[in-house]
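First comes the structure, then the notes that go with it.
All values below come from the heavy atoms of this structure, side chains included, with hydrogens, waters and symmetry mates left out.
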Amino acid sequence: MGALTLSLLAGALPSISTAIVLVLGLGILYAIALTVYRLTLHPLARFPGPRLSAATGWYECYLDIFRGPGRTFAFEIERMHQRYGPIVRINPHEIHVSDPDFFDTLYAGGSAVRDKYPPAAHVQGTPEGIFGTIAHRVHRRRRAAISPYFSKQSVLQDWKIVDEKVELLCDFFKTKFKDGKEVNIRVPLLAIGTDVFCAHTLGPRGSMDLLKDWDKAVKWRESIIALLHWTPVVRQFSWVIPLAIELPLGLINTFNPEMGLVVGIFKSLREQAKAAIAEHDTLNGEEKTRANVFHTILSSTLPAYDKDYKRMAQEGFSILSASGDTIARTMTAAMYHLHANPATLQCLREELRQAMPDPYSEADLAKIEALPYLTAVLKESLRIAALITTRAPLQAPTEWLRYKEFAIPPDTPVSMTLSSLMLDPVSFPSPDSFLPERWLDSNPDYKRNMTNFVPFHRGHRNCIGINLAWVQMYLTLAKLIRRFEFELFDVVKERDIDHHRDCFLGEPRDDTKGVRIRVVGIA
Ligand code: HEM
């Protein structure tokens with residue numbers, strides 16, 4: 001009886017092949033219906049842009065993963081603007097604007113509420129650090145807890161730490177003068193950027209001392225580049241880095257040693273956060289709030305969840321990965337463009353010679369920061385480096401954003417791209433020319449230039465490390481140029497400088513030999 005029922009049932013059920021055809025058919029019907037909806041009834045349907053990217057997000061995924069460097073989605077967005085104008089629907093859900101006048105509307109501060117679009121937030125693999133926090137209010141709370149640590153006043157309290165690292169960097173270049181060998185300048189500049197961050201933000205326990213260990217500095221640069229090259233994949237598959245962090249270090253080292261170093265640092269940050277929790281109650285006075293950034297978090301009014309060691313380690317990693325290479329890349333751009341433009345270099349040398357008659361006297365930070373030509377050189381380096389090639393999408397959950405005749409519905413992800421703004425020929429005529437004069441008070445366009453100057457972003461999500469970055473850049477460039485004479489060694493702009501890959505930061509071609517220099521003189 002039982003066997004008869006079963007065979008009757010089996011006869012009534014569709015065969016496996018019929019089931020597959022059914023599922024496939026339903027899938028195709030769903031995809032067609034979704035495409036028709038996205039192209040006709042969707043709230044963004046009337047925004048300009050290619051039909052293909054309006055129909056499916058797989059177009060972006062395909063370009064980022066399979067079309068390789070130079071043809072990834074970031075470059076495609078530029079082509080879309082050339083064809084469709086300043087506002088474009090770049091995927092089914094997102095609008096991209098290429099117009100500096102819209103910047104302060106999108107990246108507004110004050111009472112404006114802006115959530116971060118999840119795929120952009122997860123690109124660092126730290127969803128609970130401030131960079132990766134999506135919800136506006138949670139971001140405000142987490143950021144307020146650590147902002148005092150990065151305030152101008154706090155950085156000025158620590159500027160001697162920065163100066164000590166700059167002296168170590170100068171010692172390194174002294175050895176290079178003696179041995180006469182060329183050096184890829186991004187290695188020592190990344191080393192100082194990272195060492196300064198560790199010394200200021202993590203304290204002695206977090207020290208990496210890259211400036212004292214050349215091999216480790218080279219490895220660290222390779223790891224950072226490996227991490228950058230993973231960006232297009234992580235953007236599409238946000239679980240990659242969080243998964244790597246949970247895997248045993250030995251396993252990662254076997255398959256991908258560069259990633260192993262990064263994961264090792266992440267695990268070390270967890271240990272540092274645990275140690276801070278263990279010792280926090282034993283500290284008093286300023287130590288309790290400023291011994292390192294973990295103690296700042298532990299002393300704050302953040303809820304207990306935000307003081308968990310794993311969350312705090314994400315915060316540390318989030319700041320670490322935002323700090324070293326941004327500075328290194330800006331300073332590399334400064335060194336390249338100064339040495340490719342001898343007249344500009346001469347003007348800077350002259351200003352520094354007058355301000356620092358003895359190149360080895362104790363640095364006077366206030367005096368250095370007040371130097372107009374040095375300031376102009378740094379601003380122009382930040383502009384022309386145009387570091388951040390990945391768009392930064394935000395969502396205004398309850399507000400209609402207006403761009404000309406377009407009203408963008410609430411909660412739509414809207415983005416702009418900093419590198420395009422910094423190289424915009426209308427804002428900055430001859431954008432590829434290194435012209436520090438743009439940033440002198442005497443320039444009639446100075447005010448307009450400053451309005452369009454956004455290398456650190458603006459609004460709630462702007463760079464928290466801006467003060468630390470400026471102090472470090474001022475001291476480093478002033479001392480290097482005052483004390484040493486450099487020459488470029490076989491640097492080819494198209495190969496070693498220009499952006500060829502969008503890895504959040506723009507990266508040069510794969511066959512780059514780096515920006516190599518030789519030290520040919522010393523004061
Ligand atoms: C020349 C150097 C630097 C440049 C050009 C720069 C630029 C930027 C930009 C454009 C953003 C916004 C990114 C986005 O929203 O997609 C940002 C965010 C951030 N930067 Fe920097 N940065 C620099 C140095 C630093 C340093 C030294 C630190 C650390 C001490 C730092 C820490 C951060 C953090 C934590 C964020 C995320 C802020 C948030 O989401 O609230 N940056 N930076």
Side-chain angles (χ1 to χ4, degrees), residues 114-147 149-150 193-194 197-198 201-202 206 208 220 223-247 249 252 256 258-274 276-277 292-294 296-298 300 302-303 305-326 388 390-394 457 460-465 468 503-505:
R114 298 286 183 268
D115 294 331
K116 201 160 189 171
Y117 185 43
H122 294 157
V123 76
Q124 253 187 355
T126 55
E128 292 176 324
I130 53 169
F131 181 88
T133 300
I134 292 164
H136 174 83
R137 281 179 219 299
V138 183
H139 174 263
R140 298 311 301 147
R141 194 175 69 204
R142 287 179 176 163
R143 184 158 162 142
I146 57 170
S147 291
Y149 203 85
F150 296 96
T194 311
F197 161 79
C198 292
T201 310
L202 303 178
M208 284 169 72
W220 181 242
S223 297
I224 292 293
I225 290 181
L227 194 65
L228 286 171
H229 284 188
W230 269 90
T231 313
V233 178
V234 173
R235 213 180 355 240
Q236 302 300 331
F237 305 105
S238 61
W239 43 265
V240 170
I241 292 186
L243 174 72
I245 287 161
E246 297 307 332
L247 292 176
L249 196 51
I252 310 251
N256 191 331
E258 291 96 3
M259 189 60 98
L261 195 52
V262 174
V263 171
I265 296 295
F266 197 96
K267 288 184 189 282
S268 143
L269 284 166
R270 283 189 174 171
E271 294 309 311
Q272 292 169 47
K274 272 190 203 165
I277 293 171
N292 60 42
V293 75
F294 301 128
T296 308
I297 295 174
L298 291 169
S300 73
L302 284 176
Y305 175 80
D306 281 351
K307 295 179 180 176
D308 173 72
Y309 77 92
K310 284 191 177 174
R311 211 290 299 172
M312 292 204 296
Q314 286 202 28
E315 196 65 280
F317 190 79
S318 157
I319 313 172
L320 169 63
S321 49
S323 62
D325 207 33
T326 41
I388 300 183
T390 290
R391 65 192 194 272
L394 294 181
H457 238 298
H460 295 307
R461 304 269 181 166
N462 75 339
C463 177
I464 203 171
L468 190 60
C503 300
F504 191 75
L505 303 187

The side-chain hydrogen bond (donor to acceptor under 3.5 Å, both in side chains) partners of R142 (sequence neighbours excluded) come to T133, D306

Margin query: Keeping K307 on the side-chain end and I277 on the backbone end, is there a donor-acceptor pair under 3.5 Å?
Written below: no

Identify whether NZ of Lys or CZ of Arg in K274 sits under 6.0 Å from the centre of the six-membered ring of F294 and within 45° of that ring's axis.
no

Between T126 and S318, the two heavy atoms sitting closest are OG1-CB, 3.7 Å

> With no hydrogens and no angle check, is any side-chain donor or acceptor of K267 less than 3.5 Å from a backbone partner on I245?
Replying inline: yes

The complete set of salt bridge (charged side-chain N to carboxylate O under 4.0 Å, His left out) pairs with one or both residues in residues 313-323, sequence neighbours excluded, reads R311-E315

Rounded to the nearest 0.5 Å, the CZ atom of R461 sits from the CG atom of D115 at a distance of 7.0 Å

Side chains of Y149 and I464 in contact at under 4.5 Å (non-hydrogen atoms) | no

**Study point:** Any side-chain heavy-atom pair of I241 and F266 under 4.5 Å
**Key:** no

One should read off an interatomic distance between F504 CZ and T326 OG1, to the nearest 0.5 angstrom, of 9.5 Å

Review point. Do L202 and L320 come within less than 4.5 Å of each other through their side chains, counting heavy atoms only?
Key: no

Rounded to the nearest 0.5 Å, the CD1 atom of I252 sits from the CG atom of L243 at a distance of 7.5 Å

Applying ring pair (Phe, Tyr, Trp, His ring centres under 6.0 Å) to H122 and not counting sequence neighbours gives none

Hits for ring pair (Phe, Tyr, Trp, His ring centres under 6.0 Å) against F197, two or more places apart or cross-chain, chain-then-number order -> none

The side chain to side chain contact (heavy atoms under 4.5 Å, CB included) partners of R140 (sequence neighbours excluded) come to H136, R143, H460

- prompt: Does any N or O in the side chain of T201 come within less than 3.5 Å of the main-chain N or O of C198, such that one atom is a donor and the other an acceptor?
  reply: no

With sequence neighbours left out, the residues meeting ring pair (Phe, Tyr, Trp, His ring centres under 6.0 Å) with Y117 are none

For G264 and L249, the nearest pair of non-hydrogen atoms, with its separation, is N-CD1, 3.7 Å

